[in-house]
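Report on the structure given below.
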Amino acid sequence: MFDRLGYTLVRCKDCGLVFVNPQSPSSETERIYDQEYFAKRDIGGASVDMTTIRSFRRLSAAQHLDDIAKSQQPPGRLLDVGCAEGFFLEVAKASGWECWGVEVSEFAAEVANGSNVGCIFEGKLRDAAYPDG
Ligand SMILES: [Zn+2]
């Protein structure tokens with residue numbers, strides 16, 4: 001457990017996932033993920049250009065898809081909750097997945113929709129009201 005930027009972060013003993021606990025209220029989440037959040041482009045504190053960001057995100061996405069491939073291979077449907085500008089879905093689509101995304105940021109959701117990476121819902125997962133499966 002450690003604190004960062006006023007939030008308490010904890011690590012799951014089973015899988016290593018680090019997450020904010022307790023969760024912030026949804027009103028704060030929407031405030032955090034405004035356009036300014038996405039405009040701040042840095043990796044490890046160093047400002048980098050958009051081409052570098054995209055390369056980094058694609059590499060990261062490929063690694064996540066490799067992990068997913070251990071239990072599930074395309075074709076199939078893939079839902080990215082908090083898809084941001086759709087970098088992960090862009091790589092997933094190229095790998096043969098039918099891509100769906102949910103994003104609370106209007107700015108990021110519009111970028112993802114404009115990238116034609118899949119079906120992007122702007123809002124919260126519960127409001128997307130996807131059918132089972
Ligand atoms: Zn876990």
Side-chain angles (χ1 to χ4, degrees):
M1 185 176 96
F2 56 99
D3 291 324
R4 180 166 162 77
L5 302 174
Y7 298 99
T8 300
L9 296 148
V10 296
R11 183 185 304 274
C12 175
K13 289 177 181 173
D14 292 332
C15 67
L17 175 72
V18 176
F19 58 98
V20 174
N21 191 24
Q23 293 284 299
S24 56
S26 60
S27 57
E28 188 173 353
T29 304
E30 290 171 13
R31 183 185 60 75
I32 292 168
Y33 295 111
D34 60 7
Q35 186 166 353
E36 187 182 347
Y37 171 87
F38 292 96
K40 288 180 188 169
R41 306 287 178 190
D42 66 79
I43 297 175
S47 291
V48 290
D49 60 61
M50 197 59 195
T51 303
T52 304
I53 287 285
R54 283 185 177 274
S55 298
F56 178 80
R57 296 267 165 83
R58 284 196 187 101
L59 179 62
S60 175
Q63 290 171 339
H64 287 304
L65 284 171
D66 284 347
D67 287 340
I68 291 170
K70 292 171 186 167
S71 60
Q72 185 75 43
Q73 300 272 338
R77 278 179 287 174
L78 192 149
L79 172 63
D80 185 0
V81 179
C83 67
E85 297 113 315
F87 294 114
F88 177 73
L89 293 177
E90 184 181 339
V91 177
K93 183 180 179 184
S95 300
W97 290 97
E98 178 188 327
C99 294
W100 297 71
V102 175
E103 176 52 51
V104 294
S105 162
E106 178 183 355
F107 167 77
E110 283 179 7
V111 172
N113 263 319
S115 301
N116 195 31
V117 294
C119 186
I120 309 300
F121 178 81
E122 182 201 325
K124 297 171 184 166
L125 177 60
R126 75 173 78 88
D127 296 329
Y130 293 122
D132 290 347

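Indexing begins at 1, ligand by ligand and atom by atom, following the structure's order. For reference, positions follow the sequence shown, starting with 1.
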| Side-chain (S115) to main-chain (V111) donor-acceptor, under 3.5 angstrom | yes

| field | Counterpart residues, side-chain contact (heavy atoms from CB on, under 4.5 Å), relative to R58 (two or more places apart) | value | R54, E90, V91

| field | the Zn ion (ligand 1): protein N, O or S atoms [distance under 2.8 Å] | value | C12 SG, C15 SG

| query | Do side-chain atoms of K93 reach the backbone of N116 as a donor and acceptor pair under 3.5 angstrom? | reply | yes

| task | Please indicate whether W100 has more than 12 foreign heavy atoms, meaning atoms of other residues, nucleotides or ligands, lying under 6.0 Å from its CH2. | result | no

| field | Shortest non-hydrogen contact from V102 toward A128 | value | CG2-CB, 4.5 Å

| request: Search all heavy atoms of A84 against all heavy atoms of A112 and return the closest pair with its distance. | output: O-CB, 3.7 Å

